[in-house]
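Notes follow once the structure below has been shown.
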Protein chains: 2
Amino acid sequence: MARYQVGIRTQSKILEATRELLAEGGLDAATLKAICERAGVQAGSFYNIFPSKEQAVMQVAGEAIQAVDPDPELSGTETLNDLVDAYIRFVVEQPDLARVYLQVAVTVGNDDSVTRRFLRHHVRRVERFAQAMLRESLVATQAEAVTKAEVLLGALDGLAFRWVLDRSFDFTKHARYAVAQCGR
Amino acid sequence: MARYQVGIRTQSKILEATRELLAEGGLDAATLKAICERAGVQAGSFYNIFPSKEQAVMQVAGEAIQAVDPDPELSGTETLNDLVDAYIRFVVEQPDLARVYLQVAVTVGNDDSVTRRFLRHHVRRVERFAQAMLRESLVATQAEAVTKAEVLLGALDGLAFRWVLDRSFDFTKHARYAVAQCGR
DNA sequence: CGACTTTTTGAGTATACACTCCATTTTGGA
DNA sequence: TCCAAAATGGAGTGTATACTCAAAAAGTCG
């Protein structure tokens, strides 16, 4: 772990390089060599700070998963539109992290700890969407709210992934259309 | 290429092993060693039939992409429900191929020929969905039909991927809910 | 400054990968 | 039955990967 100033700076450079590479080409692109080259660092320095490559990847993936959620403080008051807007803003304003979020969920082998973390986070997200739907009376029962929330989030993730594959795809427009369809 | 009977059988065994491995763990799991072991074959035999591992993977991925579509003959007469039912049947009845379809689209590096093929196929699929929506007057204009179709297919793919990550997820129920939401 | 710790370098290791080569066996038509 | 072509087994090749190590350099703080 980093203790000196210079070590902390190196840690940041490594995490930044890892984030960029994950965003650009998923796990396959984030080799140790590529990370070290982009960070301007040698393998020995990397392993002075991180115990393994996986640790660095996990940290970046964790940031991405966190960043998908808008301030958890507001949970319990926001509207469905607020939540969808927050997701759109996340994708538009932090495309690198957004790409990491999708690439990692998808690239990493199943039954992996990252996959489990992703799923755990997903169900919490569904809960939050479902609560907002209930508050706005878009739906009668708790169970239907959860189903509707799963479908909406499935659509948002599906559309975001579509955008990862084809960057000219207009994610914002389609995401707005998806939520508008819920509101009736 | 296989010319003798025994060679053709070997080819089938290799393709079957590749399909299973891709379904189970994506590209990472489909190593040459794993494929050969499962097929009960040595590397030399593999390369007597396929010029590269990529060729075998491409062939299986191609099958999966084809299999997503119901009979192209019917194109032009089927309803939106027919199309969604066909996708649900594909996922439920051929889960291996369905998993390959999603894993491959997602695992393979971007700008890859498989990704391009996947996207080309996707826009054709969107067209078909959009036409069905127009026929049923679910939508006023061609442009809105395409948008609505992209959202519905995004949701279906997103939900199917959710099921890949968590096999206990009820894909059929959510897919039906998604299409019901379109029909109003 | 001086002593101690952290950081860096860069060559080196072990392993897994796709793929090759060729002697040997099997196939199937004449 | 014979034989050329095809298929097979299995050791071997080159390369990329994650990771290690020890010596040297640089940072921290009394």
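Hydrogens, waters and symmetry mates are skipped; everything else that's a heavy atom, side chains included, is used. Lettering of chains follows the sequences in order, A, B, ..., and the numbering in each one begins at 1.
Residue A:Ala30 is the one, among A:Ala30 and A:Ser45, whose nearest nucleotide of DNA chain D lies closer to the 5' end (criterion: closest heavy atom). Map B:Gly7 and B:Ala43 each onto its nearest nucleotide of DNA chain D; the residue landing nearer the 5' end is B:Gly7. Sequence order on DNA chain C of the closest nucleotides to B:Glu54 and A:Phe46 puts A:Phe46 first from the 5' end.
Atom CD1 in A:Ile49 sits roughly 11 Å away from atom P in C:dT9 (whole-Å rounding). Rounded to whole Å, the distance from CD1 on B:Ile35 to C1' on C:dC17 is 12 Å. Following rounding to the nearest Å, B:Leu32 (CG) and D:dT15 (P) show an atom-to-atom distance of 18 Å. Between the CG atom of A:Leu21 and the P atom of D:dT17 there is a distance of 12 Å, given to the nearest Å. In this structure, A:Ile8 places its CD1 atom 11 Å from P of C:dT8, rounding to the nearest Å. Between B:Asn48 atom CG and C:dC22 atom P there is a gap of 15 Å when expressed in whole angstrom units. For the pair A:Met1 CE and C:dT7 C1', the computed distance is 15 Å after rounding to whole Å. If you measure from atom CD of A:Glu37 to atom P of D:dA18, you get 12 Å, rounded to the nearest angstrom.
Atom CZ of A:Arg135 has more than 12 neighbouring heavy atoms from other residues, nucleotides or ligands inside a 6.0 Å radius. The environment of B:Glu54 atom CD is sparse: at most 12 non-hydrogen atoms of other residues, nucleotides or ligands sit within 6.0 angstrom.
None of B:Arg38, B:Arg167, B:Arg99 except one satisfies the salt bridge (charged side-chain N to carboxylate O under 4.0 Å, His left out) rule with B:Glu24; the exception is B:Arg38.
With sequence neighbours excluded, no residue forms a side chain to side chain donor-acceptor pair (under 3.5 Å) with B:Asn81.
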Open item on the list: Each nucleotide in nucleotides 22-30 of chain D should get exactly one letter: B, S or -. Can you fill that in based on protein heavy atoms under 4.0 Å?
Closed with: -----BS--
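Closest approach to the A:Tyr47 side chain among D:dT17, D:dC19, C:dC17 is made by D:dC19 (side chain taken as heavy atoms from C-beta onward).
Members clustered with A:Val6: A:Tyr4, by chain and number, using a 4.5 Å side-chain heavy-atom cutoff among hydrophobic residues.
Close to C:dT7, at under 4.0 Å from its OP1 or OP2, lies no side-chain N or O of A:Thr10. Contact check, A:Gln42 against C:dT8: no side-chain N or O comes under 4.0 Å of OP1 or OP2.
Inspection of the B:Asp157 and B:Tyr101 side chains reveals no N or O donor paired with an N or O acceptor under 3.5 Å.
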Task: Criterion side chain to side chain contact (heavy atoms under 4.5 Å, CB included) on B:Arg117 and B:His121, from CA distance to verdict - done: CA-CA 6 Å; B:Arg117 185 167 175 183; B:His121 179 261; 5.7 Å; no
